[in-house]
Amino acid sequence: EEQEEDVLRELRLFLRNITERLSLDRRFKAFTKPVDIEEVPDYLMVIKKPMDLSTLLTNIDEHKYVTVSEFMADADLIWKNTLEYNPDSDPMDRNIRHRACALKDTVRAIIRDELDEDFERVCEEIRESR
Ligand SMILES: COC(=O)N1C[C@@H]2C[C@@H]3O[C@]2(Cc2nccnc23)C1
């Protein structure tokens, strides 16, 4: 009902705010847009579900996420894909893996500091009722 749409509107505002703050952080520039398949032709052979910050934002606007946990699952794909596709010891791989780990830690720190547990519980109840 209307109160549920109020909750989901607040969820989208919270998720957009997180995603936009990450997109502004220069450490995370490599994660702002999809990996360019023309530049990296084997990417989709290795990575089954690509994800990036601009796609997260599109998903939010398309009402794909009803809970923070669902958003976190897609946000986690960004760093997991990066660790998987860039495993080597060369400096470029090490550098982008370091940034991927920083992204993982930053998302978790923001959620821990700024998400009210009771709010996520209300979102989970809405998800289970649909
Ligand atoms: C999240 O970003 C990534 O996982 N990658 C992996 C690709 C390999 C390397 O860096 C990426 C883009 C790229 N383009 C041209 C030549 N080499 C590269 C970004």
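Just follow the structure's listing: the first ligand is 1, and inside any ligand the first atom is 1. Note that the structure is a prediction, hence the values are computed from the model and not measured.
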Smallest heavy-atom separation, Tyr65 atom then Leu11 atom, equals O-CD2, 3.5 Å

Would Trp79 end up clustered with Leu57 when hydrophobic side chains under 4.5 Å apart are linked, directly or stepwise? no

If you count the atoms of ligand 1 from 1 in the order shown, which ones are under 4.0 Å from a heavy atom of Val35? 1 (C), 2 (O), 3 (C)

Is atom 4 (O) of ligand 1 touching the protein, meaning some protein heavy atom lies under 4.0 Å away? yes

Residue part near ligand 1, for Asn81, under 4.0 Å between non-hydrogen atoms: neither

Flag, side chain of Lys48 to backbone of Met45, donor-acceptor distance under 3.5 Å: yes

Are Val35 and Leu56 linked, directly or through other ILVMFWY residues, by side chains that come within less than 4.5 angstrom of each other? no

Starting from atom 10 (O) of ligand 1, which protein heavy atom do you reach first, and at what distance in Å? Asn86 OD1, 4.8 Å

Ranked by distance from atom 14 (N) of ligand 1, the top protein heavy atom is Glu39 OE1, 3.1 Å

protein heavy-atom neighbour closest to atom 12 (C) of ligand 1 works out as Val40 CG2, 3.8 Å

Heavy atom of the protein closest to atom 2 (O) of ligand 1 (residue, atom name, distance): Ile96 CD1, 3.4 Å

Do the non-hydrogen side-chain atoms of Thr58 and Lys64 ever get within less than 4.5 Å of each other? no

Is atom 16 (C) of ligand 1 in close reach of the protein, with a heavy atom under 4.0 Å away? no

When you measure from atom 8 (C) of ligand 1 to every protein heavy atom, which one gives the shortest distance, and what is it? Tyr85 CE2, 4.0 Å

Between Asp36 and ligand 1, which part of the residue brings a heavy atom under 4.0 Å of the ligand: side chain, backbone, both or neither? neither

Is it true that Val40 and Ile47 fall in one hydrophobic cluster, defined by side-chain heavy atoms closer than 4.5 Å? yes

Are Asp76 and Arg108 within salt-bridge range, i.e. N to O under 4.0 Å? yes

Does atom CD (Glu2) have a neighbourhood of more than 12 heavy atoms from anything else shown, all under 6.0 Å? yes

Which ligand 1 atoms are under 4.0 Å away from a heavy-atom of Thr82? 1 (C)

Under 4.0 Å from one or more heavy atoms of Ala30, ligand 1 contributes atoms 1 (C)

